[in-house]
Amino acid sequence: MPLTHFQKKVYSLTKKIPKGKITTYAEIAKALGIRSAQAVGTALKRNPFAPGVPCHRVVRSDGRIGGYAGKMDNPKKAQLLREEGVGIKDGNVEDFEKKLKRLC
DNA sequence: CTCGTGACTTACG
DNA sequence: ACGTAAGCCACGA
């Protein structure tokens, strides 16, 4: 199944996130020139390259980890992030702004 | 084309 | 602080 142009751009940016760092849906959306982080979430949810594309490094802008594997606040996502050096406390990212990688 | 849904974000009460 | 509404845009029916 072919990927849409939109999805290619989302995955391309997501793959660039370094280990131990995270980014937000909004940052990706802005980098793509749209104002909808929701659309980014849609693309990552349909991620055909997992785990080639580290979609667990993409979190919400309020510090929550967001969803993973079709579920919200998935503990699996928190576990993966911890193993990469990103602390998670009750579904929230510790030092969220410090780990955040801006795409500008 | 329209409509509903969603791994989002911000504003309001 | 918390829940809800509205805005947002891709995708499938």
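The sequence lines fix the lettering, A, B, ..., with proteins before strands; numbering per chain opens at 1.
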* Asked: Quick one: how far along DNA chain B does chain A reach, first to last nucleotide 5' to 3', anything under 4.0 Å to a heavy atom?
  -> dG6(B) to dT10(B)
Given atom [atom1] of [X] and atom [atom2] of [N], what is their separation to the nearest angstrom?
X: L3(A); N: dA10(C); atom1: CG; atom2: P; answer: 15 Å
X: I28(A); N: dC9(C); atom1: CD1; atom2: C1'; answer: 15 Å
X: N47(A); N: dC11(C); atom1: CG; atom2: P; answer: 13 Å

* To do: For R46(A) and for I34(A), locate the closest nucleotide of DNA chain C by heavy-atom distance; then report the residue assigned to the nucleotide nearer the 5' terminus.
  => I34(A)
* Under the 3.5 angstrom rule, does the side chain of E27(A) hit a backbone N or O of T24(A) as a donor-acceptor pair? -> no
* When all nucleic acid strands are considered with a 4.0 Å heavy-atom cut-off, which category describes Y25(A): base, sugar-phosphate, or nothing? -> base
* Asked: Within the structure shown, what part of the strands sits under 4.0 Å from S61(A) by heavy-atom distance: base, sugar-phosphate, or nothing?
  -> sugar-phosphate
* From V58(A), I28(A), T23(A), residue fulfilling side chain to side chain contact (heavy atoms under 4.5 Å, CB included) relative to L13(A) -> I28(A)
* Asked: Hey, which of V40(A), T42(A), V59(A) is the one that makes side chain to side chain contact (heavy atoms under 4.5 Å, CB included) with Y25(A)?
  -> V40(A)
* Carboxylate-amine/guanidinium proximity below 4.0 Å for D62(A) and R64(A) -> no
* To do: Taking only the side-chain nitrogens and oxygens of R35(A), find out if one of them lies under 4.0 Å from OP1 or OP2 of dC9(C).
  => yes
* To do: Verify the contact: side-chain N or O of Q38(A) to OP1 or OP2 of dC11(C), cut-off strictly under 4.0 Å; return yes or no.
  => no
* To do: Report yes if the side chains of I17(A) and I22(A) come closer than 4.5 Å at any heavy-atom pair, otherwise no.
  => no
* To do: Starting from the C-alpha separation in whole Å, work towards a yes-or-no answer on salt bridge (Lys or Arg N to Asp or Glu O under 4.0 Å) for E84(A) and R57(A).
  => CA-CA 9 Å; E84(A) 299 190 349; R57(A) 291 183 193 149; 2.6 Å; yes
